[in-house]
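Working notes, beginning with the structure itself.
Order of the sequence lines sets the chain letters (A, B, ...), proteins ahead of strands, with each chain counted from 1.
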Protein chains: 2
Amino acid sequence: MSTAPDRYVQLLAQHSLRNTAMRRAVLELLSRTPFALSSHDIEQELGPGVDRITLYRTLKSFEEKGLIHRVPENSDVSKYAACSIECSQHAHFDNHVHFKCTNCQHVYCLNQVSIPVVTLPAKFEAITRDYLLAGVCRECQPA
Amino acid sequence: MSTAPDRYVQLLAQHSLRNTAMRRAVLELLSRTPFALSSHDIEQELGPGVDRITLYRTLKSFEEKGLIHRVPENSDVSKYAACSIECSQHAHFDNHVHFKCTNCQHVYCLNQVSIPVVTLPAKFEAITRDYLLAGVCRECQPA
DNA sequence: ACGTAAATGCATCAATGTTTCAAATACAGA
DNA sequence: TCTGTATTTGAAACATTGATGCATTTACGT
Ligand SMILES: [Mn+2]
Ligand SMILES: [Mn+2]
Ligand SMILES: [Zn+2]
Ligand SMILES: [Zn+2]
């Protein structure tokens with residue numbers, strides 16, 4: 001009756017994170033959900049058992065280790081999504097555009113659409129880029 | 001000894017906002033500063049007299065009326081910058097790129113650089129776009 | 001199976017922002 | 001210029017997000 005060596009246990013090990021119930025649950029939830037989730041969303045989804053502080057710490061270490069990335073939501077609440085497989089502690093490779101639906105409020109990672117490069121004024125050196133669109137998503141289009 | 005009919009009084013009137021001390025002060029500060037300021041920054045700059053709650057409300061109405069725009073800082077604090085002259089309550093026209101310096105933490109509006117358009121997957125309809133770069137700014141470049 | 005470093009759970013604290021309501025004030029109209 | 005009224009302000013209370021310190025528990029290398 002040992003725990004099946006599932007995908008998430010492996011992912012945690014690969015990123016030097018210990019295998020705990022909370023971590024497995026959060027990782028599973030974010031991998032399964034097709035849009036970004038806030039800390040509050042995750043708390044709701046995981047049910048009443050979860051400790052808010054532990055969840056914050058989980059999200060923080062996941063972000064540091066390259067398991068998830070924070071979506072540049074321009075509101076006051078952070079939302080998180082699973083990273084592409086090649087992200088690590090040392091470098092994030094989530095160079096895709098994000099899309100926030102003004103109707104359902106969901107934020108999608110558009111992994112197919114990469115962020116275009118712009119020419120900057122002299123002496124500005126860019127290292128990271130974020131591109132956030134807002135509008136109406138696929139699900140919310142009027143017939 | 002009447003108040004000189006200055007630029008800010010005019011701007012307020014044009015956007016259907018009453019002429020108050022707080023509003024003049026905030027508008028003047030944001031117009032004069034070459035990078036975006038947080039609510040906290042503004043509080044510091046304006047000195048100990050300012051009421052925090054009134055300031056929040058000032059920023060909120062300025063944003064609604066199209067006098068300032070919120071910069072999509074991916075951290076937990078909102079920063080504000082003066083809008084281009086043609087913004088109004090009904091439409092913002094700040095289609096420029098923003099740049100956050102990882103050294104001095106300042107966020108600049110790069111008004112010269114407009115946001116490139118991307119091709120979205122079917123059925124996604126974009127209405128607004130935000131593009132935030134991070135890196136080293138002009139002032140912080142090593143010699 | 002053990003020892004230890006890491007993670008958890010809980011209390012406490014801090015920052016940001018909203019709401020409610022009475023008092024003050026800007027400004028349109030007389 | 002005076003006056004009435006809708007807007008704005010200032011203060012207290014509240015809500016939410018998140019960090020920190022510390023004792024206890026747990027995961028995992030040996
Ligand atoms: Mn993403
Ligand atoms: Mn700007
Ligand atoms: Zn939608
Ligand atoms: Zn700088």
Taken to the nearest whole Å, NE2/B/His40 to C1'/D/dT17 is 17 Å
In short, side-chain hydrogen bond (donor to acceptor under 3.5 Å, both in side chains) pairs touching residues 99-108 of chain B with sequence neighbours left out are B/Glu73-B/Lys100
Between B/Lys60 and A/Ile53, whichever has its closest DNA chain C nucleotide further toward 5' is A/Ile53
note: A/Glu63, atom CD; D/dG18, atom P; distance rounded to Å ~ 11 Å
| field | Whether A/Tyr131 side chain and B/Pro116 backbone form a donor-acceptor pair below 3.5 Å | value | yes
Distance check: side-chain N/O of A/Ser39 vs OP1/OP2 of D/dT17, anything under 4.0 Å?
no
**Message:** Are B/Val118 and B/Leu132 linked, directly or through intermediate hydrophobic residues, by side-chain heavy-atom contacts shorter than 4.5 Å (ILVMFWY only)?
**Reply:** no
Atom CG of A/Asp51 and atom P of D/dG21 are separated, to the nearest Å, by 17 Å
Atom pairs, N/O to N/O, protein against nucleotides 28-30 of chain C, distance under 3.5 Å?
none

Taken to the nearest whole Å, CG/A/Leu59 to P/D/dT17 is 13 Å
Of all heavy-atom pairs linking B/His96 and B/His69, the shortest is NE2-NE2, 3.5 Å
Rounded to whole Å, OH of A/Tyr56 lies from C1' of D/dG21 at a distance of 18 Å
Here the side-chain hydrogen bond (donor to acceptor under 3.5 Å, both in side chains) pairs for residues 27-36 of chain B, sequence neighbours left out, are B/Glu28-B/Arg32
Which part of the nucleic acid does B/Ser78 contact within heavy-atom distance under 4.0 Å: base, sugar-phosphate only, or nothing? sugar-phosphate
task = Establish, with yes or no, whether the OP1 or OP2 oxygen of C/dA7 is under 4.0 angstrom from a side-chain nitrogen or oxygen of A/Thr58.
result = no
Item to complete: Answer yes if the side chains of A/Arg129 and A/Asn95 hold a donor-acceptor pair under 3.5 Å, and no otherwise.
Response: no
Heavy-atom closest pair (A/Tyr56 atom, A/Ser39 atom, distance to 0.1 Å) is CE2-OG, 3.4 Å
B/Gln44 atom CD is separated from C/dA15 atom C1', nearest whole Å, by 13 Å
Intermediate values then yes/no, side chain to side chain contact (heavy atoms under 4.5 Å, CB included), A/Val26 and A/Ile68: CA-CA 10 Å; A/Val26 172; A/Ile68 64 178; 5.9 Å; no
Rounding to the nearest 10°, end axes of the helix from C/dA1-D/dT30 to C/dA30-D/dT1 built from five pairs each make an angle of 40°
Answer yes or no: is there a side-chain heavy-atom contact under 4.5 Å between A/Leu12 and A/Phe62? yes
To the nearest angstrom, the CG-P distance between B/Leu55 and D/dA11 comes to 14 Å
Whichever of B/Leu17 and B/Arg52 has the more 5' nearest nucleotide on DNA chain D, that residue is B/Leu17
Worksheet item: Do B/Phe124 and A/Val71 share a hydrophobic cluster, counting only Ile, Leu, Val, Met, Phe, Trp and Tyr and linking them when any side-chain heavy atoms are less than 4.5 Å apart?
Response: no
All N/O pairs under 3.5 Å across the protein-nucleotides 22-27 of chain D interface:
unit_1: D/dA27; atom_1: N3; unit_2: A/Arg18; atom_2: NH1; d: 3.3

query: Are A/Leu17 and A/Arg23 side-chain neighbours, meaning at least one heavy-atom pair lies under 4.5 Å?
result: yes
Rounded to whole Å, the CD-C1' distance (A/Glu64 to D/dG18) equals 14 Å
For residues 43-64 of chain B, the salt bridge (Lys or Arg N to Asp or Glu O under 4.0 Å) pairs (sequence neighbours left out) are B/Glu63-B/Arg70
